[in-house]
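Each remark here refers to the structure printed beneath this line.
First the proteins, then the strands, lettered A, B, ... as listed; each starts at 1. Computed from a prediction, not measured in an experiment: that's the story for all the values here.
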Amino acid sequence: VYIKRITIQGFKSFGSKRVVIKLGPGLTVITGPNGGGKSTVVDAIKFALGELSAHSLRAGRFSELIHESPAEGRLSSAKVSLTFNNTDKSLPVDGDEVTVTRKLANTGESEYMLNGKQASRNDILTILSAANIKPDGLNIVTQGSVIGIAEMNSNELRRVIEDIA
Amino acid sequence: VYIKRITIQGFKSFGSKRVVIKLGPGLTVITGPNGGGKSTVVDAIKFALGELSAHSLRAGRFSELIHESPAEGRLSSAKVSLTFNNTDKSLPVDGDEVTVTRKLANTGESEYMLNGKQASRNDILTILSAANIKPDGLNIVTQGSVIGIAEMNSNELRRVIEDIA
Amino acid sequence: ELNTFMKTLEKVSENFRFFFHQITGGEAWLRLEKPDEPLKSGVEMIVKFIGKTARSSSAVSGGEKSVAATALILALQGLTPAEFYIFDEIDAHLDINYTARLVELLKEMSKHRQIIVVSLKDVIAERADMLYGVYMRNGVSSIVKTSLEEVETLVG
Amino acid sequence: ELNTFMKTLEKVSENFRFFFHQITGGEAWLRLEKPDEPLKSGVEMIVKFIGKTARSSSAVSGGEKSVAATALILALQGLTPAEFYIFDEIDAHLDINYTARLVELLKEMSKHRQIIVVSLKDVIAERADMLYGVYMRNGVSSIVKTSLEEVETLVG
Ligand SMILES: Nc1ncnc2c1ncn2[C@@H]1O[C@H](COP(=O)(O)OP(=O)(O)OP(=O)(O)O)[C@@H](O)[C@H]1O
Ligand SMILES: Nc1ncnc2c1ncn2[C@@H]1O[C@H](COP(=O)(O)OP(=O)(O)OP(=O)(O)O)[C@@H](O)[C@H]1O
Ligand SMILES: [Mg+2]
Ligand SMILES: [Mg+2]
């Protein structure tokens with residue numbers, strides 16, 4: 001299972017115009033100037049995977065995840081969808097594609113969808129965990145955190161090994 | 001007051017041969033491959049200024065600050081001297097140059113010297129504080145810590161302002 | 001219980017050694033801090049760069065830590081089905097040599113797993129199967145599929 | 001007591017605004033989180049990059065945080081006699097544009113205070129008054145005064 005498509009609308013620096021990023025199974029590189037929105041794409045992925053901590057999405061409060069800019073003012077919601085290629089059937093869902101969607105309203109409430117139908121966060125997390133996909137997995141290394149991984153203390157590293165045992 | 005000379009011997013990656021780095025009042029750049037010893041020069045400066053935490057010198061224990069390599073084995077002591085240009089007399093010591101030296105024996109004991117004469121750590125710290133020089137000053141930004149400074153919480157930032165008020 | 005843990009530790013250590021050697025030519029392994037208390041003991045990451053003494057990964061340089069951490073992450077994932085990696089500027093503290101070796105390895109790995117890398121360096125961008133440029137106008141981000149020449153104009 | 005604090009806060013905020021504007025062209029300032037409790041209130045760092053909304057410095061990008069932090073450090077030192085700065089790879093997350101503006105400012109500042117910078121980037125090394133190359137042989141570091149051409153051979 002890999003990510004085929006990321007759709008972002010109104011999430012942090014992305015505005016009201018829907019942005020679609022198509023991805024292949026190989027090496028995709030995202031580049032561009034400082035402050036452009038590269039790490040926001042990484043935040044968007046974690047958000048769609050069910051991340052609950054605003055801090056780990058680099059925001060003070062959840063409401064700061066909704067787009068605000070001089071050009072568009074403050075939007076009323078943020079929405080991110082992730083479409084997985086599921087031809088290897090590692091996700092226990094019918095079909096070759098599985099799409100998870102999360103929508104955040106300015107009330108701070110999140111709604112989740114699975115292939116377009118409303119679902120609970122737990123349903124989504126359970127399905128994703130079948131392929132060991134989680135918002136805080138070690139396979140997602142956020143900016144500035146790589147050096148800290150080599151500085152992990154010996155108890156933390158033990159827990160990491162226990163997790164996958 | 002600025003640093004005119006750094007002398008390093010047996011401190012971390014620097015071996016038994018004494019290394020002297022002459023510095024001017026302008027812009028000095030230190031470059032070179034990964035793992036060469038650039039940040040060790042920064043550690044050496046903090047060490048000579050009286051740093052007490054092995055962790056903030058990126059070592060597990062103080063004994064790891066003494067050089068050990070296949071070529072030279074494990075040395076018995078580490079020594080770093082810093083010579084300041086004191087023509088502006090910001091350091092309350094006679095003479096145009098002031099040299100602080102710290103020597104670490106493999107017992108873990110440190111000895112300090114001021115212009116070649118034995119001194120206590122407190123003497124040295126008091127003299128340096130006249131020019132607001134301290135081992136953990138914000139004017140020394142260690143590798144990987146710059147992003148964290150922008151993430152300082154509001155109480156930490158208040159304390160920083162109070163310190164210099 | 002203990003057996004599964006020890007087997008997993010062994011396997012991750014082997015993978016860690018393999019990936020670390022791929023990038024640096026040196027050796028690396030995991031070991032129990034207190035071998036006589038396997039049920040409770042912490043686990044240490046040991047790295048030995050060519051020509052240097054073996055040390056804990058927390059005592060090496062910034063670039064060396066980046067390399068050790070990357071080797072560990074690749075080593076862990078080998079044991080789980082998670083099929084994708086996302087690395088956001090893991091090359092920030094790497095010199096030209098290690099950046100080139102890193103991208104070599106990631107390119108190789110990308111034959112088996114999806115790898116998404118955020119980087120400011122051309123030497124990484126030029127190896128991409130797909131390259132995206134992200135930039136901002138009036139405070140709003142947009143993204144464009146691009147080639148390396150085009151990126152030069154984006155970043156200026 | 002409170003007066004000295006408020007005066008210092010005002011002064012640092014002004015310096016912060018100046019240095020931030022030098023590097024980015026945008027605006028920045030410090031403010032009390034709870035203005036009605038000046039004796040206890042925390043202090044916030046606010047940055048407004050060109051064309052963007054004003055935000056707390058902890059909500060901006062990695063490169064933008066590096067720039068904000070550098071501006072703050074320069075702003076603090078203006079008020080104390082400490083005459084030297086040591087920056088170890090503060091440019092790690094900066095793109096070409098911000099790296100060039102940063103080194104411009106550091107070069108300017110180095111007329112009044114000593115600045116020691118550790119960097120892997122040529123664009124910084126080439127502005128140095130003195131350039132040192134540090135490298136290792138058999139696990140022992142040595143340092144050599146060098147010029148930019150020579151560094152190319154050192155790093156390989
Ligand atoms: N709610 C929001 N609305 C609009 N913009 C936002 C919002 N939250 C954060 N931003 C802005 O998004 C911008 C992009 O941040 P991001 O971290 O993605 O940049 P980046 O491309 O990773 O840059 P760098 O190369 O410096 O790491 C920042 O300038 C930040 O201020
Ligand atoms: N006691 C010691 N004896 C010998 N070498 C040591 C000692 N302690 C640490 N080292 C080694 O010193 C080396 C240099 O580290 P340093 O952090 O100075 O490198 P650097 O030039 O800053 O590299 P980078 O560009 O990756 O940040 C490391 O490889 C580390 O393992
Ligand atoms: Mg980023
Ligand atoms: Mg370093």
Side-chain angles (χ1 to χ4, degrees), chain A residues 1-3 12-15 17 19 21-33 35-42 45 67-72 88 90 130-133 137-158 160-162 164-165, chain C residues 4-5 8-9 12 33 41-45 57-58 60 62 65-66 68-70 72-73 76-77 79-90 93 106-107 110-111 114-120 124-125 127-136 138-143 151 154-156:
Chain A
V1 61
Y2 66 86
I3 305 174
K12 294 183 81 173
S13 59
F14 289 88
K17 191 168 139 264
V19 168
I21 307 169
K22 292 203 180 61
L23 297 169
L27 179 63
T28 299
V29 175
I30 299 174
T31 193
K38 300 181 297 295
S39 296
T40 300
V41 173
V42 177
I45 293 169
H67 181 79
E68 180 183 357
S69 67
E72 303 204 4
D88 66 352
S90 4
N132 198 45
I133 296 171
L138 260 177
N139 59 323
I140 300 177
V141 180
T142 54
Q143 188 171 2
S145 69
V146 68
I147 287 184
I149 291 169
E151 294 172 344
M152 227 192 291
N153 76 37
S154 60
N155 294 326
E156 286 169 333
L157 187 49
R158 177 178 183 116
V160 166
I161 308 282
E162 282 173 348
I164 62 174
Chain C
T4 342
F5 173 76
T8 309
L9 179 62
V12 176
E33 213 173 26
S41 166
V43 172
E44 278 187 325
M45 237 194 284
S57 64
S58 56
V60 297
K65 283 176 181 166
S66 306
T70 306
L72 178 74
I73 291 161
L76 286 168
Q77 297 305 321
L79 295 171
T80 58
E83 293 283 333
F84 64 90
Y85 300 89
I86 301 174
F87 295 121
D88 191 347
E89 300 199 27
I90 61 173
H93 290 276
L106 295 181
K107 191 75 186 149
S110 72
K111 292 181 188 147
Q114 179 182 50
I115 297 183
I116 301 168
V117 172
V118 175
S119 174
L120 303 178
I124 292 196
R127 301 303 301 279
D129 298 323
M130 294 171 96
L131 179 63
Y132 282 101
V134 182
Y135 58 97
M136 214 180 231
N138 292 337
V140 183
S141 290
S142 42
I143 191 163
V151 170
L154 244 186
V155 185

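Taking every heavy atom of both residues into account, Gln114(C) and Tyr2(A) meet most closely at OE1-CB, 3.4 Å. The shortest non-hydrogen separation linking Lys65(C) to Ile147(A) is CD-CG2, 3.7 Å. Across all non-hydrogen atoms, the minimal contact from Met130(C) to Lys22(A) is CE-O, 3.3 Å. Across all non-hydrogen atoms, the minimal contact from Gly37(A) to Ser141(C) is CA-OG, 3.7 Å. In this structure, Ala69(C) and Ala150(A) approach most closely via the heavy-atom pair CB-N, 4.0 Å. Across all their heavy atoms, Gly42(C) and Arg158(A) have their closest contact at CA-CB, 4.3 Å.
Interface remark: Leu120(C) contributes backbone and side-chain atoms alike to the contact with chain A (heavy atom separation under 4.5 Å). If you measure heavy-atom distances from Val12(C) to chain A, the contacts under 4.5 Å come from the side chain alone. Both the backbone and the side chain of Ser39(A) have a heavy atom closer than 4.5 Å to some heavy atom of chain C. For Leu23(A), the parts lying under 4.5 angstrom from a heavy atom of chain C are both the backbone and the side chain.
One distance of note links CD1 of Ile164(A) with CG of Leu9(C); it measures 10.0 Å at 0.5 Å rounding. With rounding to the nearest 0.5 Å, the separation of CG in Leu27(A) from CG in Leu131(C) is 9.5 Å. Summarising the geometry, atom CE belonging to Met45(C) is positioned 10.0 Å from atom CG belonging to Asn153(A); distances are rounded to the nearest 0.5 Å. Note that CD1 of Ile21(A) is 3.5 Å distant from CD1 of Ile143(C), once rounded to the nearest 0.5 Å. Here CD1 of Ile140(A) is found 11.0 Å from CZ of Phe87(C). Values are rounded to the nearest 0.5 Å. Here the straight-line distance linking atom CG of Leu76(C) with atom CG of Asn139(A) works out to 10.0 Å at 0.5 Å rounding.
In summary, of the residues considered (Val42(A), Ile30(A), Val41(A)), a side chain to side chain contact (heavy atoms under 4.5 Å, CB included) with Asp88(C) occurs for Val42(A) alone.
A 4.5 Å side-chain heavy-atom check between Ser13(A) and Val140(C) finds every atom pair outside the cut-off. For the pair Val29(A) and Arg127(C), the minimum side-chain heavy-atom distance is 4.5 Å or more. Between Val118(C) and Gln143(A) there is no side-chain heavy-atom pair separated by less than 4.5 Å. Side-chain contact check for Ile133(A) versus Phe84(C): some heavy-atom pair is nearer than 4.5 Å. The side-chain heavy atoms of Leu72(C) and Val160(A), taken from C-beta on, include no pair separated by under 4.5 Å.
No other option in Ser110(C), Gly139(C), Gly62(C), Ser142(C) has as many heavy-atom pairs under 4.5 Å with chain A as Ser110(C). Per-residue heavy-atom pair counts under 4.5 Å with chain A were compared for Ile86(C), Thr8(C), Leu106(C), and the maximum is reached by Ile86(C).
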